[in-house]
There are 2 protein chains.
Amino acid sequence: MRYLILLRWMMKIYKDEARRRYLEAYSIAHLFSFPVEELIEVHEYERDEWIIQEGTRPDFLFYVLEGKAKIYVTHQNGKVSLINFINENDYIGEMELLNEVYYTKGIQSSTKTVCFALPFYRCRTQLLEDVTFLRELTKFLSGKATQMAAKYSQSLAFPLENRLADFILQTADQEIYKEKHVTVCDFLGVSYRHLLHVLAQFCSSGFLKKEGRHYRIVQPEPLYELAEVLKNR
Amino acid sequence: MRYLILLRWMMKIYKDEARRRYLEAYSIAHLFSFPVEELIEVHEYERDEWIIQEGTRPDFLFYVLEGKAKIYVTHQNGKVSLINFINENDYIGEMELLNEVYYTKGIQSSTKTVCFALPFYRCRTQLLEDVTFLRELTKFLSGKATQMAAKYSQSLAFPLENRLADFILQTADQEIYKEKHVTVCDFLGVSYRHLLHVLAQFCSSGFLKKEGRHYRIVQPEPLYELAEVLKNR
DNA sequence: GCAATAATATGAGATATCTCATACTTTTGA
DNA sequence: TCAAAAGTATGAGATATCTCATATTATTGC
């Protein structure tokens, strides 16, 4: 069981040239049919900083330019679930834009993260009337809903062995798998103990080889087979 | 493990007066900013009929007027997951409208079901440019994504005991719980054997009383407590 | 109305996963 | 630089859940 610790406020807002540089480098004009540039703030969050605190409504719609983040929810029994990862070109805060009543999940950056931030109070109405924006957001949300439905049904239908094989193949850098165990536990929803147990199994089956704190993928084929059964068709 | 059986084609399309009657009774003009009435077909599906067959792209966007349905997906290991229930005022086929590539889930009516059906080939482009429609759909999808995320994280964080208590309270008719066990297994993602085991526990704890094929809720309070821990804050 | 099918029911043994205790190592903050 | 915190590691026992076998009862199609 893990507890989420709140860090102090370190977010930076880029001004002037720094801001201008980002607006030029990442034009998102094509995502809107009205001029948003003047409303945009550019925010930078450090690694492990909370972009949104769980249970606290954000004041901005974010669009991630650089970096990665994680969506967390804390359950009443103290268990923490890592619901999903957020990557470049993802939205943050869209749920709160759309829904008056919504339990806000915590969002924590896992690398330095730079986002465009659109203040709700200045453009909520306009956003909700903007075809281009809504069409983009609709696609984004349909992807999320599909992804969550897949994760849900897979988590119930398959043991960790299969889901972990898939996760290893998806996150490995070349032949090296080196995700933090504690993060993976929260994401796959299993105990630390059990995760290590299945990793040890993979090693003794010769699929992986432990090298210090990393794992080398020695035999990808059996891992692919284990992961393959998750896919539909 | 259950297998989905395909039934023969029994769908009815309402014409003339029958059609007109539905168009009048259920105006959905407010969901679109262009005139859709002339494009609308009114479809009726019998109980247990497949509205969409798994793996087969539909030709319509549906909007459910009367009835209920279930979304199923079949995994490679033969397990079947009941991903969600569909109710009145829900959309069907919106994933296929938005995404060129998408694995279509099976949708089966669980009661007689009447829907409006908008043929993709006649209005896809218009729909994707319609603010009113997109805003509605965005809210619908954000709700779905949130709901699936909640189900996912709950399924990993809590044993059946808690999730079943919640399900019983949500589906009970007055004090009587009478869902089909086989459906509930698919929905909560547990084996038939285990479901009966936990139900028997509830009975021996005096929360439920078995009456023939139904269960009477004798003590709602402890069930509420079990269900309560699923909720955030 | 009957045969086939689906749903309910229960036992027994297997296994996937969790909890707790404890120890060691690495990273981090002041 | 050093103490605290976070991450890694492993054992042992508990429990949540699954599989399989088998029997009974209800529903359905023809």
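Letters go in sequence order (proteins before strands), and every chain restarts at 1.
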Tabulated below should be each protein N or O lying under 3.5 Å from an N or O of nucleotides 26-28 of chain C; please produce it.
none

Next on the checklist: Within the 3.5 Å criterion, strictly below it, is a donor on T104(A) or E96(A) matched to an acceptor on the partner's side chain?
Outcome noted: yes
Checklist entry - Can you check whether I168(B) reaches F202(B) side chain to side chain, under 4.5 Å on heavy atoms? => result yes
Checklist entry - Do Y14(B) and V114(B) come within less than 4.5 Å of each other through their side chains, counting heavy atoms only? => result yes
Item to check | Within residues 168-179 of chain B or reaching into it, pairs that qualify as salt bridge (charged side-chain N to carboxylate O under 4.0 Å, His left out) - sequence neighbours excluded | outcome: E175(B)-R216(B)
Item to check | salt bridge (charged side-chain N to carboxylate O under 4.0 Å, His left out) partners of residues 154-168 of chain B, not counting sequence neighbours, each pair once | outcome: D166(B)-K231(B)
Just jot down the ring-ring contact (aromatic ring centres under 6.0 Å, His included) partners of [X], sequence neighbours excluded, or say none.
X       : result
F187(A) : F85(A), F167(A)
F116(A) : none
Y152(A) : none
Y224(B) : none

Would you kindly give the [atom1]-to-[atom2] distance between [X] and [N], to the nearest whole Å?
X       : N       : atom1 : atom2 : value
F158(B) : dT17(C) : CZ    : C1'   : 16 Å
E211(A) : dA9(D)  : CD    : P     : 13 Å
Y215(A) : dT8(D)  : OH    : P     : 9 Å
H214(B) : dT25(D) : NE2   : C1'   : 14 Å
H197(A) : dT19(C) : NE2   : C1'   : 15 Å

Checklist outcome for this item: For K70(B), the salt bridge (Lys or Arg N to Asp or Glu O under 4.0 Å) test, sequence neighbours excluded, returns none
Checklist outcome for this item: Sorted by chain and residue number, the salt bridge (Lys or Arg N to Asp or Glu O under 4.0 Å) partners of R193(A) (sequence neighbours excluded) come out as none
Checklist entry - To the nearest 10 degrees, what angle separates the axes at the start and end of the helix from dG1(C)-dC30(D) to dA30(C)-dT1(D), five pairs each? => result 70°
Checklist outcome for this item: Sorted by number, residues from residues 173-181 of chain A placing a heavy atom under 4.0 Å from DNA chain D are K180(A), H181(A)
Next on the checklist: Taking the ring of H214(B) and the ring of Y177(B), is the distance between their centroids below 6.0 Å?
Outcome noted: no
Checklist entry - Within the distance-only criterion (no hydrogens, no angle test), does the side chain of N99(B) pair as donor or acceptor with the backbone N or O of V101(B) below 3.5 angstrom? => result no
Every protein N/O within reach of nucleotides 10-16 of chain C N/O, cut-off under 3.5 Å:
residue : atom : partner : partner atom : Å
dG11(C) : N7   : R193(B) : NE           : 2.9
dG11(C) : N7   : R193(B) : NH2          : 3.0
dG11(C) : O6   : R193(B) : NE           : 2.9

